[in-house]
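All chains are named by letter (A, B, ...) in the order of the sequence lines, taking the proteins before the strands, and each is independently numbered beginning at 1.
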There are 2 protein chains.
Amino acid sequence: MDKVLKNDHSEETLFEVAEFFKVLGDPTRIKIVSALFENGELCVNDIVNLVDVSRTAVSHQLRILKDKRIISYRKDGQMKFYHLDDAHVEVIVLLTITHLSHH
Amino acid sequence: MDKVLKNDHSEETLFEVAEFFKVLGDPTRIKIVSALFENGELCVNDIVNLVDVSRTAVSHQLRILKDKRIISYRKDGQMKFYHLDDAHVEVIVLLTITHLSHH
DNA sequence: TCAATATGTGAACACTTGCTCACTTATTAA
DNA sequence: TTAATAAGTGAGCAAGTGTTCACATATTGA
């Protein structure tokens, strides 16, 4: 009997997985995400100081992370406090750090 | 006492994490990786048939995955059998699929 | 109302990326 | 040795991406 090749995950699921990884696959965005799960909640200015990228560039990247539902924010006066939208993201990133440290 | 902002993970570690996610953040490469953990081991021709991308494009992507130590291969005659280099990758991808399914 | 502070937006541009095309290398069978 | 099969490589190019610059919006305090 011939070996049957499997392709269990649908094209669409895998495309979404790729989209998710692509968003985390940028140095500025992963630094923002890391800063957020280290600190819980940060305003834009705190993020700018922690990740050492221009304020404008941070704004653009925050939008991408927000559109992909990786982060969201709470508004307080003229400030916006961003936080991770889902604890899964932290688990995935930490697991990846563990994985890479074994190389 | 002022809140102290944390940035625990080094710039370099986070850069490597971003590099890793960037490699998985492409539809062709994630399809290859998925096909490999569904099937254990595949020759290039099997991969071409499963992911529905040209043979040449698959070759280019296999090289990127190999360079990043995500896959490796066993040579048998004129064929090369590729497989995942580390079980962590499967765990990370499956965890991500679970995460996305909760959205 | 006016100025200051906090954040966001859109266009432009250099840089990167993934594909195709033409060609090459390696192995096996005739 | 020749032809066929399996796989890889490098150049070229269209499409995508991340940053900067100039400008816009929103909120607060004087």
In Å, rounded to the nearest 0.5 Å, how long is the span from CZ of Phe20(B) to CD1 of Ile30(A)?
-> 11.0 Å

To the nearest angstrom, how far is Lys31(A) atom NZ from dG18(D) atom C1'?
-> 13 Å

Does dT27(D) have OP1 or OP2 sitting under 4.0 Å from an N or O in the side chain of Lys80(A)?
-> no

Please tell me if the side chains of His99(B) and Val89(A) come closer than 4.5 Å, counting only heavy atoms from C-beta onward.
-> yes

For Lys22(B) and Gly25(A), the nearest pair of non-hydrogen atoms, with its separation, is CE-O, 3.4 Å

Crowded around Asn49(B) CG? As in, over 12 foreign heavy atoms under 6.0 Å?
-> yes

Starting at NZ of Lys66(A) and ending at P of dG8(C), how long is that distance when rounded to a whole Å?
-> 8 Å

For the pair made of CG in Leu62(A) and C1' in dT9(C), what is the distance, rounded to whole Å?
-> 13 Å

Could you check whether Tyr73(A) gets within reach of a base, just the sugar-phosphate, or nothing at all, counting any heavy atom under 4.0 Å?
-> nothing

Would you say Asn39(B) and Asp46(B) make side-chain contact, with heavy atoms under 4.5 Å?
-> no

Per the end-axis method with five pairs at each terminus, what is the bend angle of the helix from dT1(C)-dA30(D) to dA30(C)-dT1(D), to 10°?
-> 10°

Under 4.0 Å protein heavy-atom contact, by nucleotide of nucleotides 17-30 of chain C - B base, S sugar-phosphate only | SSSBB----SBS--

Could you grab the distance from atom CG of Leu84(B) to atom CD of Glu38(B), nearest 0.5 Å is fine?
-> 10.0 Å

Do any side-chain atoms of residues 64-75 of chain A form donor-acceptor pairs under 3.5 angstrom with protein atoms, and if so which ones, sequence neighbours left out?
| unit_1 | atom_1 | unit_2 | atom_2 | d |
| --- | --- | --- | --- | --- |
| Ser72(A) | OG | Asp85(A) | OD1 | 3.0 |
| Arg74(A) | NE | Glu41(A) | OE2 | 2.9 |
| Arg74(A) | NH2 | Glu41(A) | OE1 | 2.9 |

Leu65(B) atom CG is separated from dA7(D) atom C1', nearest whole Å, by 16 Å

Residues His9(B) and Ser34(A): closest non-hydrogen pair is CD2-OG, 3.7 Å

His102(B) and His88(A) aromatic ring geometry - parallel, tilted or perpendicular at 30°/60° bounds | parallel

Could you state the atom-to-atom distance from CZ of Arg74(A) to P of dT27(D) in whole Å?
-> 15 Å

From CG of Asp52(A) across to C1' of dT19(D) the rounded distance in Å is 14 Å

